[in-house]
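These notes concern the structure reproduced below.
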Amino acid sequence: MIRRAHRGDLAWMQAIEVSAGNAFHRIGMDAVADDPPLSPEALAAYVDVGLAWVATDGLDCPSAYILVREVDGWAHIEQVSVHARHARQRLGQALIEEAGRWASDAGLQGLTLTTYADVPWNGPYYSRLGFEPVPEDSWSPGLREIVAEEAAHGLDAWPRIVMKRPLSPAA
């Protein structure tokens, strides 16, 4: 089940992020894997304005989450994390589709994100979900700011990509 996240989910969300991040150890991206999860305060900022969703199991325990914010008329996906025990169950895809429904209801153009270009569960995965690379000369001011913030945090130590998926007319 997909539902809006609430403050009671914050510790779950942090545990999900840590579990999901551990996969980066396998490909030598230890700095990414060892980066601490978002703080409860940072997560609560999304939860409190209704821009965080969780995928839950039959007991309503979160196993994946997504954070979204509006950037220049698009719904920007800040984070999608799936607990390793729940990988390959299409939970990330379901959360992205939920974000797309929210974007449509909000009158936004579609979805954007930034990600690692070559990590199989990042760039190639989002391509399979219909996201396309955005050339740097087409980045909006907000996307430029996001890329700069990520670079300041050291995320550009590996190739990054900006991607978008416009909403379909049926969305």
Side-chain angles (χ1 to χ4, degrees), residues 1-24 32 35-116 119-132 134 140 142-143 146 149-150 155 161-171:
M1 181 177 101
I2 305 292
R3 65 165 170 78
R4 292 226 188 222
H6 53 71
R7 282 183 169 251
D9 297 325
L10 299 180
W12 287 97
M13 293 165 76
Q14 286 184 301
I16 290 165
E17 187 175 344
V18 169
S19 174
N22 282 332
F24 287 93
V32 175
D35 197 36
L38 292 172
S39 70
E41 297 79 17
L43 292 168
Y46 289 93
V47 168
D48 290 349
V49 295
L51 296 178
W53 291 264
V54 292
T56 62
D57 63 16
L59 300 173
D60 198 41
C61 297
S63 50
Y65 76 91
I66 189 169
L67 306 175
V68 179
R69 68 178 167 125
E70 184 178 343
V71 175
D72 300 328
W74 292 72
H76 184 75
I77 298 171
E78 288 286 321
Q79 178 86 19
V80 179
S81 292
V82 177
H83 195 285
R85 286 191 309 253
H86 301 278
R88 302 191 197 297
Q89 296 176 11
R90 297 188 178 173
L91 299 178
Q93 181 179 358
L95 288 164
I96 290 167
E97 295 309 320
E98 184 66 26
R101 283 187 283 281
W102 172 81
S104 178
D105 290 347
L108 302 177
Q109 298 176 62
L111 303 169
T112 63
L113 55 85
T114 58
T115 194
Y116 293 107
V119 173
W121 60 90
N122 281 197
Y125 170 76
Y126 294 116
S127 289
R128 289 192 301 276
L129 296 183
F131 286 82
E132 297 180 355
V134 179
S140 69
L143 287 174
I146 290 167
E149 290 169 2
E150 291 175 349
L155 297 182
I161 189 170
V162 174
M163 304 182 86
K164 72 176 179 180
R165 185 176 89 180
L167 293 175
S168 67

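Side chains included, hydrogens not; waters and symmetry mates left out as well; all remaining heavy atoms used. The first residue of the sequence shown is numbered 1, and numbering continues consecutively from there.
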Open item on the list: Taking Leu38's backbone N and O only, do any of them form a donor-acceptor pair with Gln14's side chain (distance below 3.5 Å, no angle check)?
Closed with: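 Yes, because the side chain of Gln14 sits within donor-acceptor range (under 3.5 Å) of the backbone of Leu38.
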Task: Asp105 side chain vs Trp102 backbone, donor-acceptor pair below 3.5 Å - done: no
Check: [Y] and [X] side chains under 4.5 Å, non-hydrogen atoms:
X: Tyr116; Y: Val32; result: yes
X: Leu155; Y: Glu149; result: no
X: Ile2; Y: Glu97; result: no
X: Ser127; Y: Met163; result: yes
X: Trp74; Y: Pro166; result: yes
X: Asp60; Y: Met1; result: yes
X: Tyr126; Y: Leu111; result: no
X: Val47; Y: Asp9; result: no

Distance (rounded to the nearest 0.5 Å) between [X] [atom1] and [Y] [atom2]:
X: Thr112; Y: Glu70; atom1: OG1; atom2: CD; answer: 10.5 Å
X: Asn122; Y: Phe24; atom1: CG; atom2: CZ; answer: 4.5 Å
X: Ile77; Y: Arg165; atom1: CD1; atom2: CZ; answer: 7.5 Å
X: Met13; Y: Ile66; atom1: CE; atom2: CD1; answer: 10.5 Å
X: Glu78; Y: Leu43; atom1: CD; atom2: CG; answer: 11.5 Å
X: Leu143; Y: Thr114; atom1: CG; atom2: OG1; answer: 8.0 Å

What is the minimum heavy-atom distance between [X] and [Y], and which atoms define it?
X: Pro120; Y: Pro124; value: O-CB, 3.8 Å
X: Ala103; Y: Gly110; value: CB-O, 4.2 Å
X: Ala75; Y: Val68; value: CB-CG1, 3.8 Å
X: Leu91; Y: Ala64; value: CB-CB, 4.0 Å
X: His76; Y: Leu113; value: CE1-CA, 3.4 Å

Task: Evaluation steps, side chain to side chain contact (heavy atoms under 4.5 Å, CB included), between Leu67 and Leu51 - done: CA-CA 6 Å; Leu67 306 175; Leu51 296 178; over 6 Å; no
Task: salt bridge (charged side-chain N to carboxylate O under 4.0 Å, His left out) involving Asp72 - partner list, sequence neighbours excluded - done: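 Not a single residue meets the salt bridge (charged side-chain N to carboxylate O under 4.0 Å, His left out) criterion with Asp72.
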- [ ] Report yes or no: do Tyr65 and Glu17 form a side-chain donor-acceptor pair below 3.5 Å?
- [x]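 Tyr65 vs Glu17: donor-acceptor pair found between side chains.
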Open item on the list: Are there over 12 heavy-atom neighbours, none belonging to Glu132, within less than 6.0 Å of that residue's CD?
Closed with: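 It does not: Glu132 CD has 12 such atoms or fewer within range.
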Task: Crowding at CZ, Arg3 (>12 non-hydrogen neighbours, <6.0 Å) - done: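 More than 12 heavy atoms, drawn from other residues, nucleotides or ligands, come within 6.0 Å of this atom.
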Ignoring hydrogens and angles, write down the donor-acceptor pairs under 3.5 Å from the side chains of residues 81-88, residues two or more places apart or on other chains.
unit_1, atom_1, unit_2, atom_2, d
Ser81, OG, Gln79, NE2, 2.7
His83, ND1, Ser19, OG, 3.3
His83, ND1, Arg85, N, 3.1

